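Down below is the structure, laid out as structure tokens.
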Number of protein chains: 2
Amino acid sequence: MKRRNTHSTAEIFEVLKSSGNALSHDMIQENIGSDIDRATIYRVLNRFCEDGKVHKIIGDDGKQYFAICHNCGEKKKVHSHNHIHFRCLQCGKVECLERDLAVPLPEGYVAKVHNLVISGFCNNCS
Amino acid sequence: MKRRNTHSTAEIFEVLKSSGNALSHDMIQENIGSDIDRATIYRVLNRFCEDGKVHKIIGDDGKQYFAICHNCGEKKKVHSHNHIHFRCLQCGKVECLERDLAVPLPEGYVAKVHNLVISGFCNNCS
DNA sequence: AACATTATTGCAACATAGTCGCAATATTAA
DNA sequence: TTAATATTGCGACTATGTTGCAATAATGTT
Ligand SMILES: [Mn+2]
Ligand SMILES: [Mn+2]
Ligand SMILES: [Zn+2]
Ligand SMILES: [Zn+2]
């Protein structure tokens, strides 16, 4: 499966990059110029995740948010996402707080995926 | 709105208590003897949450899990849930790791709700 | 430039999780 | 026993995300 450069992938990645935050499907659809199908957006985002260009966070609203990877993939060897995410209850912004958080687990527990979300009010809304 | 003691509320709370873990809607429905409607289960659980008897966690599978409150409500004055939850990818168990986690936020950020979930393999499944 | 291969898209249908309106029922207090 | 009303069951509905399939478009080759 060799990836192809399409109009959709370019535009979706651009929206994510220029936003700088984690975006949900509908946020992306709003910020996009052209009309890209809902299913296509999801498929493109999931492809990005598989390729390690983007990581997915499940918000405490139950929705999926996607953010460009920064401190993983390229720079590091490991693709780790053990950082906190903040979701503003006022403006809806979801951001990665780029500070790795070491969480001690009980004996015998093996961590695979971290999904750490704090919601509240961001610096603009508090 | 004065709460009433019904068969449904008693049974659902009993299932949560005897399980000791956080349970999703369908887990509860399985572990329940009688037939209680889906909508009723959700309404009962949400009522428990409002009353501070139970807290809700959004899993990294996007589903709602409900767990009886232990270190909040009664003993403490504050109803805080800044503890980590662990979801086993093998057996599906979701548990509260009863260790409060202080997360430092950037200036101007106000935390309201913590939703911290780590998934992986529990002591029984690793 | 034209072609063949096949990754990607759009559309519709589907799946799942959760909520809501409303009439029927059951709990509570008088 | 009765009245008031919180709770339930049922069905319909919403929201979010996935999937099958035919049409389209990106890519490498001739
Ligand atoms: Mn992140
Ligand atoms: Mn908990
Ligand atoms: Zn905000
Ligand atoms: Zn397990």
Side-chain angles (χ1 to χ4, degrees), chain A residues 1-16 22-51 53-67 85 87 89 92 94 113 115 117 119, chain B residues 1-16 22-51 53-67 85 87 89 92 94 113 115 117 119:
Chain A
M1 281 265 184
K2 206 163 261 173
R3 296 276 127 99
R4 294 181 179 179
N5 293 328
T6 72
H7 174 254
S8 298
T9 56
E11 192 158 11
I12 292 173
F13 195 81
E14 181 52 37
V15 166
L16 282 176
L23 301 181
S24 63
H25 152 74
D26 47 301
M27 289 169 166
I28 292 173
Q29 200 152 46
E30 281 171 13
N31 293 356
I32 241 170
S34 58
D35 257 357
I36 306 181
D37 189 73
R38 217 159 50 89
T40 300
I41 296 181
Y42 279 116
R43 280 191 277 225
V44 167
L45 290 169
N46 287 331
R47 243 178 284 146
F48 284 166
C49 287
E50 288 172 19
D51 298 347
K53 300 170 69 177
V54 158
H55 64 282
K56 181 193 294 194
I57 309 108
I58 308 296
D60 56 337
D61 55 356
K63 301 208 291 189
Q64 303 182 345
Y65 291 85
F66 299 86
H85 299 88
R87 186 172 70 93
L89 300 169
V94 175
V113 182
N115 199 84
V117 181
S119 51
Chain B
M1 280 263 185
K2 205 164 263 174
R3 296 276 127 99
R4 296 181 177 178
N5 293 327
T6 73
H7 173 255
S8 298
T9 55
E11 193 158 12
I12 292 173
F13 194 81
E14 181 53 36
V15 167
L16 282 176
L23 300 181
S24 62
H25 152 74
D26 46 302
M27 289 168 166
I28 293 174
Q29 200 151 45
E30 281 171 12
N31 293 357
I32 240 170
S34 58
D35 259 358
I36 305 180
D37 189 73
R38 218 158 50 89
T40 300
I41 296 181
Y42 278 116
R43 280 190 277 225
V44 167
L45 291 169
N46 288 330
R47 243 179 283 147
F48 284 166
C49 287
E50 289 172 18
D51 298 347
K53 301 170 69 179
V54 159
H55 65 282
K56 182 193 295 195
I57 309 109
I58 309 295
D60 56 337
D61 54 356
K63 301 209 292 189
Q64 303 181 347
Y65 291 85
F66 300 86
H85 299 88
R87 185 172 71 92
L89 300 169
V94 175
V113 181
N115 199 85
V117 181
S119 53

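Worth knowing before you read on, the calculation uses all heavy atoms, side chains too, and leaves out hydrogens, waters and symmetry mates. What you are looking at is a predicted structure, and each value in this text was computed from that prediction instead of being measured.
Place G62(B) and H7(B) on DNA chain C by their nearest nucleotides, and G62(B) ends up nearer the 5' end.
Counting all heavy atoms, side chain and backbone alike, H7(B) lies closest to S34(B) at CE1-OG, 3.3 Å. Nearest heavy atom pair, residue I36(B) against residue I32(B), reads CD1-CD1, 3.6 Å.
Between Y42(B) and the phosphate of dG18(C), there is a side-chain N or O to OP1/OP2 separation shorter than 4.0 Å.
Looking only at distances, no side-chain donor or acceptor of D51(A) sits under 3.5 Å from a matching main-chain atom of K53(A). Using modelled atom types, one side-chain atom of N115(B) and one backbone atom of I58(B) make a donor-acceptor pair closer than 3.5 Å.
Rounded to whole angstrom, the span from the CZ atom of F66(B) across to the C1' atom of dA17(C) amounts to 11 Å. Going from atom CD1 of I28(B) over to atom P of dG18(C) covers 10 Å, rounded to whole Å. Atom CD1 of I58(B) and atom P of dG17(D) are 13 Å apart (whole Å). As rounded to whole Å, 9 Å separates atom P of dT8(C) from atom CG of D51(A). We find that CZ of R47(A) is positioned 13 Å from P of dA26(D), with the value rounded to whole Å. Between the P atom of dA25(D) and the CD atom of E11(A) lies a distance of 16 Å, rounded to the nearest Å. Across the protein-nucleic acid pair, I36(B) atom CD1 and dG18(C) atom C1' stand 17 Å apart, rounded to whole Å. As a whole-Å value, the separation of E50(A) CD from dT8(C) P is 10 Å.
Across all strands, S24(B) comes closer than 4.0 Å to no nucleic acid atom at all (heavy-atom distances). Here D26(A) lies out of heavy-atom contact (under 4.0 Å) with every strand. In this structure, D35(B) reaches the sugar-phosphate backbone alone: every heavy-atom distance under 4.0 Å involves primed, P, OP1 or OP2 atoms, never a base. Residue contacts for D61(B): at a heavy-atom cut-off of 4.0 Å it reaches no nucleic acid atom on any strand shown.
Only one option out of I57(B), V94(B), D26(B) pairs with K63(B) in a side chain to side chain contact (heavy atoms under 4.5 Å, CB included); it is D26(B).
With sequence neighbours excluded, the residues satisfying side chain to side chain donor-acceptor pair (under 3.5 Å) with D61(A) are Y65(A).
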Pull out every protein N or O sitting under 3.5 Å from an N or O of nucleotides 10-15 of chain D, one pair per line with the distance.
{"unit_1": "dC10(D)", "atom_1": "N4", "unit_2": "R43(B)", "atom_2": "NH2", "d": "3.4"}

Under-3.5 Å N/O pairs linking protein and nucleotides 27-30 of chain D:
{"unit_1": "dT27(D)", "atom_1": "OP1", "unit_2": "N5(A)", "atom_2": "N", "d": "2.8"}

Could you walk me through whether Q64(A) and S24(A) pass the side chain to side chain donor-acceptor pair (under 3.5 Å) test, one step at a time? CA-CA 6 Å; Q64(A) 303 182 345; S24(A) 63; over 6 Å; no

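Taking the centre of each ring, H55(B) and F66(B) stay at or above the 6.0 Å mark.
For the pair D37(A) and I41(A), the minimum side-chain heavy-atom distance is 4.5 Å or more.
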